[in-house]
Amino acid sequence: MTLEEARRRVNELRDLIRHHNYLYYVLDAPEISDAEYDRLLGELKDLEERFPELKSPDSPTEQVGARPLEATFRPIRHPSRMYSLDNAFTLDEVRAFEERIERALGRRGPFAYTVESKVDGLSVNLYYEGGILVWGATRGDGETGEEVTQNLLTIPTLPRRLEGVPDRLEVRGEVYMPIAAFLRLNEELEERGERIFKNPRNAAAGSLRQKDPRITAKRGLRATFYTLGLGLEESGLRTQHDLLLWLQEKGFPVEHGFARAVGAEGVEEVYRAWLEERPNLPFEADGVVVKLDELALWRELGYTARAPRFALAYKFPAEEKETRLLEVAFQVGRTGRITPVGLLEPVFLGGSEVGRVTLHNEGYMEELDIRIGDWVLVHKAGGVIPEVLRVLKERRTGEERPILWPEACPECGHRLLREGKVHRCPNPLCPAKRFEALRHYASRKAMDIGGLGEKLIEKLLEKGLVRDVADLYRLGKEDLVGLERMGEKSAQNLLRQIEESKGRGLERLLYALGLPGVGEVLARNLALRFGQMDHLQEASLEELLEVEEVGELTARAILETLKDPAFRDLVRRLREAGVEMAAKEREGEALKGLSFVITGELSRPREEVKALLRRLGAKVTDAVSRKTSFLVVGESPGSKLEKARALGVPTLTEEALFRLVEEKTGKKLTDVLPA
Ligand code: AMP
Ligand code: ZN
């Protein structure tokens, strides 16, 4: 390659990488896999090494992340810089890392390291003064990040106050979304026909950068901490291992696990052990982080423009394989939603054979632009869940066929309903829905019939004792004894639980019945708004649309189901069986358990707002304490605001307060406020 050719390719790579940085860090919507990104960056690094005259301080190889988007969040300058990590993919590269250290220190190894798992989330910086959390921010470009304090405070394990720490302290770690929370979130988004997140990292980043902390709070984010910025010197700590123990002692979650190792070979051993553990981890890990244990050496080695010289990310192999999409099967889920499943030419991937992959919904397939017969690149997200990364369009022959959605339910033949990108079987008696419908109905957050396990449901369906949830209330002891080795006693227990389930109230019943798009929150909003099943059944589209969180598509789907004769019949039989059809929770309990303090001037008389909050079951006091749930902040707030900040009490603007009221009551503000 000539210098001219290299220059052209280097420029091309830099543009490409900047583009992908922007997609990844700012938009939380990457278009290529991490492994593909690493390959681009690796190629650029190689070229810059072979042609040093092409090096430049504004190359992505010299930079951390990307500068955040303007305006949404307050930019914050980190008191001390945040860095990225250099990558290694092989034992040889780990050896080279150790050799570089040997040369720089003029000392022979092997050295002692800590090895931590590299949690795939986004790094954050928490700033404490006098032991009190002042703000928290994302990394951004390493110098300037975005302030996301209110959102960070939704993470339950985050310490707001510390004892016996340096006066000015930066604590750094990773915010991530556990795999279980990620799957749940995507399931919910899918159910609503919304765009799903590509991976837990993007889901975490997207959730942390929500404008409304109440949404963040529902996303189940977690954090794990591993280093200090300011305050490291003053802490008197001597090793990374001690630093991690210190963080734990101060109350920081250190959930990523860590081990000690000596020399590159020692590191390799820990790496291999964790690679094996990877599928069992509750979070997605994309490698391990190797750090020199002795902190004194950190000072000696320092940093490059982009990364520390004393640490290294040793990445897990990103197993990606090419295979073909042979066919698409359509599955019917509990709510009747149809999920397309791609049947692949089986490939061996990350320790097992992969032959099926979910294609989620129509929107997802359109985005991939996938056809039957296509070559696709697959990997396992988090080392566990098979996923199509992209379609290899360059390998198309013209023989590929478009994927056609069925018109009728593959299980019962009922005509499918279409709500935007979601296809659904509306037949409440669809056999595919029976098992799942019963299981969901009995689940803890629904009607909570603990004794009704999966095996038993299968038996009941098999014997024809139960066809739908209303049949549960007709079961007698004689039906149950003998089923699934059930004795007198457990039969009696189960019947008691079934009896008790009648009184759970409309909110739980609506959730339990699995109305399309209706999760716990929506079920509650609907119950609060309509109070009675009758009223809900008579609701118009306009009335449904007034309920918080009900969109046009959901409203139409709910309406359609409510009108369905089979559904009406089901409700009638439930009512006859004695299942309660009225909401349990009343307006007076909407804000129960919350306490508010108000500061500054509001747009309505303060007494009126206080009365409203009290009427909704909240406590209103005059002084901020650690028990205060929210400080409501109006125009020209007083010293209460500072106090709240110091105690880490979340604040609400008047507007946010009213939104909270609307959400909790399921009513429009004008309906709850005196005219
Ligand atoms: P990269 O995402 O390629 O910039 O890799 C560096 C990032 O890895 C850091 O900025 C952290 O966000 C993240 N990371 C995850 N786990 C750890 C860990 N145990 N120690 C240091 N960094 C970590
Ligand atoms: Zn069906």
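The model shown is predicted, which means the values in this text are computed figures rather than measured ones. Whatever order the structure lists them in is the order used to number ligands and atoms, beginning at 1.
- With respect to Arg337 and Glu190, a salt bridge is recorded, a charged nitrogen being found less than 4.0 Å from a carboxylate O.
- Ranking the protein heavy atoms by distance from atom 1 (P) of ligand 1 puts Ser84 OG, 3.7 Å first.
- Atom 12 (O) of ligand 1 has as its closest protein heavy atom Glu174 OE1, 2.5 Å.
- Aromatic ring orientation, Tyr113 versus Phe111: perpendicular (interplanar angle above 60°, classes split at 30° and 60°).
- At a heavy-atom cutoff of 4.0 Å, ligand 1 is contacted by the backbone of Ser117 but not by its side chain.
- Taking only nitrogen or oxygen atoms, main chain and side chain alike, Lys291 reaches within less than 3.5 Å of ligand 1.
- For the pair Arg81 and Tyr83, the cation-pi criterion (under 6.0 Å, within 45° of the ring axis) is fulfilled.
- Counting only N and O atoms by type, the side chains of Glu62 and Ser56 include no donor and acceptor under 3.5 Å apart.
- Contact annotation: Met82 has no heavy atom less than 4.0 Å from any atom of ligand 1.
- Below 30°, between 30° and 60°, or above 60°: for Trp405 and Phe330 the angle between ring planes is between 30° and 60°, a tilted geometry.
- No heavy atom of Ala307 sits closer than 4.0 Å to any atom of ligand 1.
- Among protein heavy atoms, atom 17 (C) of ligand 1 sits closest to Tyr226 CE2, 3.4 Å.
- Among protein heavy atoms, atom 9 (C) of ligand 1 sits closest to Arg139 NH1, 4.0 Å.
- Atom numbering of ligand 1 starts at 1 in the shown order; those under 4.0 Å from a heavy atom of Leu85 are 6 (C), 8 (O), 22 (N).
- Nearest non-hydrogen protein atom to atom 2 (O) of ligand 1 is Lys118 NZ, 3.8 Å.
- Checked by distance only, ligand 1 and Asn87 stay at 3.5 Å or farther apart across all their nitrogen or oxygen atoms.
- Of the protein's non-hydrogen atoms, the one nearest atom 19 (N) of ligand 1 is Glu116 OE1, 2.7 Å.
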Chi angles and distances behind the side-chain contact (heavy atoms from CB on, under 4.5 Å) call for Ser59, Glu48: CA-CA 10 Å; Ser59 169; Glu48 288 177 350; 2.7 Å; yes

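- Between Cys430 atom SG and Cys425 atom SG, the angle centred on the Zn ion (ligand 2) amounts to 120° (nearest 10°).
- In this structure, a donor-acceptor pair under 3.5 Å is present between the side chains of Glu362 and His423.
- Residues Glu31 and Tyr24 bring no donor and acceptor atom of their side chains to less than 3.5 Å of each other.
- Of the protein's non-hydrogen atoms, the one nearest atom 16 (N) of ligand 1 is Val119 N, 3.3 Å.
- Neither side chain, Gln240 nor Tyr226, offers a donor N or O lying under 3.5 Å from an acceptor on the other.
- The Zn ion (ligand 2) is the vertex of the angle joining SG of Cys409 and SG of Cys412, which measures 110° to the nearest 10°.
- Between Asp468 and Arg434 no salt bridge is recorded (no basic side-chain N to carboxylate O distance below 4.0 Å).
- Here His414 does not reach the Zn ion (ligand 2): none of its N/O/S atoms is less than 2.8 Å from the metal.
- At least one heavy atom of Tyr83 sits under 4.0 Å from some atom of ligand 1.
- For Arg238, the CZ atom counts as loosely surrounded, since its 6.0 Å shell holds 12 or fewer non-hydrogen atoms of other residues, nucleotides or ligands.
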